[in-house]
Amino acid sequence: MTTASRFVIAGGGLAAAKLAEALRANDFDGTVTLVGAEDHLPYERPPLSKAHLLGKKSLPEFTVDTAQWYRDHHIEVLPGTMVTGLDRSTKTIALPDGTTLAYDKLALATGSRPRKLPVPGTDAQGVYTLHDIEDSDALLALFGTARRLVVIGAGWIGLEVTAAARNAGVEVTVLEVEELPLQHVLGPEMGRVFADLHRAHGVDFRGGSRVAEITVTDGRATGVRLADDTRIEADAVLVAVGARPNIELAVDAGLATGSGVLVDESLATSDPDIVAVGDIADQQHPVLGQRIRVEHWANALNQPAVAALTMLGKPAVYDRLPYFFTDQYDLGMEYTGYVAPKQPTTVVTRGDVAGREFVAFYLDAGNRVLAGMNVNVWDVGDRIKELISSGQPVDPKRLGDPSTPL
């Protein structure tokens, strides 16, 4: 058990809010200070490219806790405050006004930011990214005025914004350097499912496209020029080419880092008084037996309960399998498990792939299930988790037979 009395959370997103909740739920009665860069109370990010962008949810509906909740639980929130430094020797963080804030235990929940596209024109008016509520509001307003949108990048954000734009009647061209959308995440078989989905909804999807520049006239984006000199005119351009973890604080403070901030099974960093959660946590996963860093909502939601126990000096292990979901048009999908980048897999499906109502399994060379993806099929998540966690080989033919119970 800890005798520490001053806990600080650097970050203002879902992970930070859930960590504050978990500390109080575990009867920590010391001070908790949440330092967030945004001017808002912590909120969930999935609606930014889904329900909010479709005009179905407003910010208060996906704000994690109310201002009254923070007051009632004696949690100090410093919004609009970017942590500028971390001194582990004095156990303080630096704030923009030159002051410092002392901690006994510190949680890093600094999240990620959109990657920049290294081509001319990205700073022009009419070029958008999607990370925060202001970005989502700007895109929602754009949908009411723009006729043609170019989306650079066919990852989750790019495709979800594309679906919302098409829902609003905007013509969309999607440019992706890979031949298929989501190819690096889902592989070519499932990438084709999403390519077909978007083309069926009128999207001009162009795989194998390399962007040379965003064309600009009088300071405003007018479209895109590709490496083969093809030009695509547009009223606006969305750059959605991935995210970069905000690990500069950790790097400058000398914490061990890799693709993110290195943490153990309990989410502790190389400094026992500091934990890391969410997008930045590069965790040694106890079930998967390897380091993974996953930039998805589920980690921000679930890791803080374990990190809070670790901060309190109690034993805890984060062993949940990675999980993410997407909603695009009439397709709802959940993905559970983990396939390492470039790891060879065999995909086995059961159900109606063409009708987009199926389950897909990713098997390794030994026919062990690494991950499962259910598309418009529900109530199979627990079975998928059991197949992955068992570590046992399966019969691919039986796995693909809908008459065989999972």
Side-chain angles (χ1 to χ4, degrees), residues 1-48 51-52 57-81 83 93 101 103-112 132-133 246 261 263 265-269 273-281 283 294-325:
M1 297 292 290
T2 182
T3 57
S5 62
R6 297 173 300 183
F7 283 18
V8 173
I9 303 168
L14 173 62
K18 287 298 176 182
L19 191 43
E21 289 180 8
L23 289 171
R24 290 303 190 224
N26 282 281
D27 299 323
F28 175 66
D29 59 3
T31 64
V32 177
T33 305
L34 190 157
V35 187
E38 292 190 55
D39 290 325
H40 309 280
L41 292 174
Y43 57 86
E44 300 197 46
R45 296 196 187 275
L48 299 182
H52 180 70
K57 277 191 176 182
S58 61
L59 180 59
E61 295 176 273
F62 50 94
T63 295
V64 185
D65 294 304
T66 64
Q68 186 63 49
W69 184 90
Y70 290 103
R71 287 192 292 270
D72 289 346
H73 290 83
H74 307 289
I75 293 167
E76 182 181 18
V77 180
L78 303 179
T81 306
V83 178
I93 59 170
L101 186 62
Y103 67 85
D104 294 312
K105 299 285 183 178
L106 172 68
L108 297 177
T110 47
S112 57
D132 56 30
I133 184 63
N246 296 322
V261 180
V263 295
E265 296 180 351
S266 72
L267 303 175
T269 69
D273 292 322
I274 303 176
V275 299
V277 293
D279 287 2
I280 65 170
Q283 188 208 7
V294 180
E295 296 169 351
H296 288 297
W297 161 89
N299 271 6
L301 179 70
N302 297 310
Q303 284 184 341
V306 170
L309 293 173
T310 299
M311 294 176 80
L312 294 167
K314 299 177 181 179
V317 172
Y318 187 74
D319 58 5
R320 283 177 177 257
L321 292 169
Y323 167 89
F324 58 87
F325 70 99

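Applying the salt bridge (charged side-chain N to carboxylate O under 4.0 Å, His left out) criterion to D273, with sequence neighbours excluded, gives K91, K105. Listed by chain and number, the residues in a side-chain hydrogen bond (donor to acceptor under 3.5 Å, both in side chains) with E61 are S58 (sequence neighbours excluded). Residues that satisfy the side-chain contact (heavy atoms from CB on, under 4.5 Å) test with A268, not counting sequence neighbours, are D264, S266, T310. Applying the side-chain contact (heavy atoms from CB on, under 4.5 Å) test to L41 and every residue at least two apart in sequence or in another chain returns T63, A67, Y70, V77.
When every heavy atom of V263 is checked against every heavy atom of A281, the shortest pair comes out as CG2-CB, 4.2 Å. Closest approach of A316 and L309 over heavy atoms only: CB-CB, 3.7 Å.
Side chain of Q303 to backbone of G278: a donor-acceptor contact under 3.5 angstrom is found. Of the possible donor and acceptor atoms, one in the side chain of Q283 sits under 3.5 Å from a partner among the backbone N and O of Y318.
Applying the salt bridge (Lys or Arg N to Asp or Glu O under 4.0 Å) rule to pairs touching residues 70-81 yields nothing, sequence neighbours excluded.
You'll find the side chain of Y43 reaches within 4.5 Å of the side chain of L48, heavy atoms only.
Here CZ of R6 is found 4.5 Å from CG of D104. Values are rounded to the nearest 0.5 Å.
Between L267 and the options V277, V317, V261, a side chain to side chain contact (heavy atoms under 4.5 Å, CB included) holds for only V277.
The aromatic rings of H52 and F62 sit perpendicular to each other, their planes meeting at more than 60°, with 30° as the lower class boundary.
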Taking only distance into account, with no hydrogens and no angle test, what donor-acceptor pairs under 3.5 Å do side-chain atoms of residues 19-30 form with protein atoms, sequence neighbours excluded?
from : atom 1 : to  : atom 2 : distance (Å)
E21  : OE1    : K18 : NZ     : 3.2
R24  : NE     : H73 : O      : 2.8
R24  : NH1    : F28 : O      : 2.7
R24  : NH1    : G30 : O      : 2.9
R24  : NH2    : G30 : O      : 3.0
R24  : NH2    : H73 : O      : 3.4
R24  : NH2    : H74 : O      : 2.9
N26  : ND2    : A22 : O      : 2.8

